[in-house]
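Encoded as structure tokens, the structure appears first; notes follow it.
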Amino acid sequence: MTTTNSTTDSDDSRYPFQAIERKWQARWEAAGVYKTGGSDDPRPKYYVLDMFPYPSGSGLHVGHCRNYVPGDVVARLKHMQGFNVLHPMGWDAFGQPAEQDAIKRGVNPSTVVPLLAKEYKRQLSILGNGYDWDREINSTDPDYYRWNQWAFLLFRERGLAYRKESPVNWCENEGTVLANEEVEDGKCWRCGFPVTKKNLPQWFFRITAYGDKLLEGLDRIEWPEGIKRQQRDWIGRSEGAEVEFALPSNADAAITVFTTRPDTLWGATFLVLAPEHPLVETITTSDQRVAVAAYREAAQRTSDMDRQAEGRDKTGVFTGAYADNPVTGEPIPIWVADYVLMGYGTGAIMAVPAHDQRDFEFARKFHLPVVLVYETEPGQGEETLTNAIPAGGTMRAFTPAPGALTAASPFAGLPNDKETVAKVVAWLEEQGVGKRRIQFKLRDWLVSRQRYWGTPIPIIYCKDCGEQPVPLDQLPVTLPDVDNYKPTGTGKSPLADIPAFVNTTCPACGGPAERETDTMAGSVDSSWYFLRFTSPKEKNAAWNREAADYWMNVDRYIGGREHAVGHLLYARFWTKVFFDASLISVDEPFQTLRNQGSLNALTPIVKGTDRYIRPDELARFTPDQIDHAWLRMSKTRGNGVTPDEIAEKYGADTLRLYVLFVAPFEDTIQWNEDALNGTSRFLNRVWDTFTQIAPAFDSDWAAKVGAATSDDERTLRRRTHQAIAKVTDDIAEFRFNTAVSALMTFSNALREFVAKNGTGSPAVSEAAEIFAKLLSPLAPHVADELWERLGHANEFLYRAPWPTGDPAVAAEKEATLVVQVNGKLRDRVTIPADADEETCRRIALASEKVQSETTNKTVRKVVVVPGKLVNVVVG
Ligand code: ANZ
Ligand code: ZN
């Protein structure tokens, strides 16, 4: 009765995925299968979190499946393995995307967000993702953002939030503040007007106070090395010293530099100040004033990145002033140059052209002296140097000029290494001209946004009492409902135009006062949402302590690499602050992080450029102007394919399998709709196989399968138990592609068996039941349908126990290993037929009989014929 049906691949045998998927989605929802257990649940907990999305107008595209499907697969596996699983979803809905969408539609973002969220939820449900929607959070809900405000005040109380004047990107033409990503080549992205800087008082979080803790914690979490490296570089801890240079012309002032190489002080032949350095004004001599002023002007228009670019032609201007090199006693000229940044160290450097490449280029261009501190060959001369020498060599002896600190350098002959640096720092400290200093590249986090769509900053300004926090019992400060939420022309947030919002009373004196009108950056919302998910309905606190202690930290966090030094750093910082304030019990939020690869689509571009062409622009180009490139699928590029259309055409289960199977999780996928036919065919074949098996399915197979001992039955059982081990490990380790291919192999074995031996064997029932379970996390709809067809009425595989494999059954055919000692037979051991040399050696040496022969003797040699014989030579 059981020959394989050769028409299985044709369209008429396509399984009815649409009906099946709708049916199971409705059943799952009605039964509330994805409801999370409480923190008193006896099962061990497992917290799987996908970075929560910001909903925007065009909804999800299939590229999002790479983020959300794998998280769902892992959550399903863990639930079936007996864990109490938290797998929540919510909306990161403050900020630009929702605001832009609202501006486009001419309505308030608060009207748009719930609609967008609903649409995202619908699309995620189409994919079959199982979230506990009772825990849905929306960051724009006052019940959520009041806790942003609470946290802001907590940070302020702990000295971690402060206000200071700081430049913003400013478009004079539009009268708006621009975010960094709205500045393109120094110009406004909308109107092309040159962007300038404008100083505004703004709020900062003092993340720099956590530089060391943020570094240290990286050693304790299981994150991709690349992300850890990015965070380390971003934090950028440098050990060095501050050194003071006196000004002969001005006894009241001195220039302090930060250097990582104080040991090269003998070769510091000039100083360089950042153009913005406050002393530039004071020290510039009158004949240099015009030139210096012009140079500072020009520097203001250059971005920090360009200023630091390697190999860029060095520019600068002499101030006319000199400083004393404290160790040589020589006066050295003070220059201004834009390769020195005001925002790092002290904004001033000592230039050591012999050992620092940038200083070298600068010195050669402006004919400044070069003095070697370390020489790599005796009598080496400076004139012939073509590059700085950053490492190596031994320190020269210096003959000091009159007025120098010492008679001669006490370090002559020392090597160019860290120890010498440390000795010099200690010595400079003794001499009172320098001190040890740790410097971080990390900057404090600017949280102020001059935008409407964000959390209002809960501060009140009183003429008499100054800056006052809004009392906690008056939170939340809610965002007023307004018609105009577009950026104002003054640089202030649109909230500043709403007197009813601005005017309030001072919490301290009761007098008239004004509210802060800036809102918080959207990155604040995502800095703690993982805590809110542990108790999203908590009324009296940001989270319920017991729930947070039970669930934290997140076991598997899944999201894009682009968040490496933004969100992922901020979330760690907030967690550490909460930990230090004794509000939670963990100091790292995400134990394990996994970054999905992106999904690219073949996108039309303008020939010879990398500019993409959106579908609505295509008509403006002739065919010979158009080329194609693989670009990341995204809303803005208009190259997105919705999960809706794919689910309609192939089924969500097919889409899930395609996304999981086509490439390793971390790799880039090139979207190819044809490839969906492959996974679709696989599911159709599975469907056909189960159609054959179901009538003969015996749910009591476990009691009978031990008797299934024909060669074919043993082979099938071996494949079944091998599949359990492989799929279990692969899913847990995010090797979804090989998990799917293991299922394909398993499915083929089952089909072959049935074709040859029919469906009557208990080994077939065993295989069918286990196959449905293993398929379930990956393709949950069809798996539940197959389960039902095997006779499990009113059940959900999500609630079924995950199978455990029997390694003995899974072992490849067994073989007998002959074990000899000095050529004499001592033992016979049963081993897996495919045991390799190392395994055979280990098994043989572990044999009791061998051990009793070899005690007090030296094993000289072990000869192994894998799978057959081991001879232990002792003497
Ligand atoms: C003298 C020297 C000699 C330096 C030498 C380096 C090599 P990191 O490691 O990145 O911390 N520097 C200090 N402040 C700067 C600023 N505001 N803008 C630009 N450059 C600045 O780099 C520290 C080094 O970068 C410092 O050590 C200083 O140059 C420069 F053979 O001082 B060094
Ligand atoms: Zn007051």
Side-chain angles (χ1 to χ4, degrees), residues 167 186 196-197 236 238 240-247 249-250 253-262 264-265 267-325 330-371 373 382 385-390 439 441 443:
T196 50
K197 299 273 178 192
S238 291
E242 272 181 12
V243 181
E244 250 188 48
F245 288 73
L247 299 168
S249 61
N250 187 340
I255 291 175
T256 307
V257 305
F258 169 69
T259 173
T260 46
R261 298 299 309 271
T264 61
L265 197 40
T269 51
F270 57 101
L271 295 186
V272 186
L273 303 185
E276 303 83 358
H277 197 289
L279 280 177
V280 172
E281 201 80 42
T282 326
I283 62 166
T284 301
T285 56
S286 52
D287 51 331
Q288 289 299 96
R289 261 182 208 289
V290 175
V292 168
Y295 186 78
R296 295 178 90 182
E297 256 304 308
Q300 225 201 339
R301 290 193 297 267
T302 319
S303 77
D304 281 6
M305 235 195 342
D306 289 341
R307 284 169 56 164
Q308 291 263 300
E310 225 169 281
R312 177 171 169 262
D313 197 25
K314 295 283 172 301
T315 63
V317 57
F318 180 41
T319 61
Y322 290 83
D324 291 330
N325 180 323
E330 305 255 20
I332 57 174
I334 307 173
W335 284 65
V336 173
D338 67 2
Y339 75 95
V340 176
L341 303 179
M342 196 53 224
Y344 188 65
T346 61
I349 67 157
M350 60 180 219
V352 184
H355 300 293
D356 182 284
Q357 185 60 24
R358 289 183 300 179
D359 300 344
F360 182 82
E361 287 162 19
F362 195 87
R364 284 292 191 243
K365 175 154 180 195
F366 295 104
H367 310 290
L368 293 159
V370 177
V371 172
V373 181
E382 282 89 357
L385 281 187
T386 50
N387 274 304
I389 302 176
Q439 173 68 36
K441 290 234 160 57
R443 299 283 72 125

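Note that the structure is a prediction, hence the values are computed from the model and not measured.
A distance of 9.0 Å separates CZ in Phe360 from CD1 in Ile389, rounded to the nearest 0.5 Å. To the nearest 0.5 Å, atom CG of residue Asp313 and atom OH of residue Tyr339 are 12.5 Å apart.
A distance-only check finds no donor-acceptor pair linking the side chain of Tyr344 to the backbone of Phe258 [under 3.5 Å]. A donor-acceptor pair is defined here as one N or O able to donate and one able to accept, closer than 3.5 Å; no such pair exists between the side chain of Asp356 and the backbone of Ala351. The backbone N or O of Glu330 sits nowhere less than 3.5 Å from a side-chain atom of Tyr322 that would complete a donor-acceptor pair. Looking only at distances, no side-chain donor or acceptor of Thr319 sits under 3.5 Å from a matching main-chain atom of Ile283.
Partners of Glu382 by salt bridge (charged side-chain N to carboxylate O under 4.0 Å, His left out), not counting sequence neighbours, listed by chain and number: Arg396.
The one candidate from Lys365, Gln357, Arg358, Arg364 that meets the side chain to side chain donor-acceptor pair (under 3.5 Å) condition with Glu361 is Gln357. When each of Ile334, Ile255, Thr284 is checked for a side-chain contact (heavy atoms from CB on, under 4.5 Å) with Leu279, only Ile255 meets the rule.
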For a side chain to side chain contact (heavy atoms under 4.5 Å, CB included) check, start with the C-alpha distance between Met350 and Thr264, then their side-chain angles and the critical distance, and finish with the verdict.
CA-CA 9 Å; Met350 60 180 219; Thr264 61; 3.6 Å; yes
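Here the two rings, on Phe362 and Phe270, have centers that are under 6.0 Å apart.
Listed by first and then second residue, the salt bridge (charged side-chain N to carboxylate O under 4.0 Å, His left out) pairs that reach into residues 269-289 are Glu276-Arg307, Glu281-Arg296, sequence neighbours excluded.
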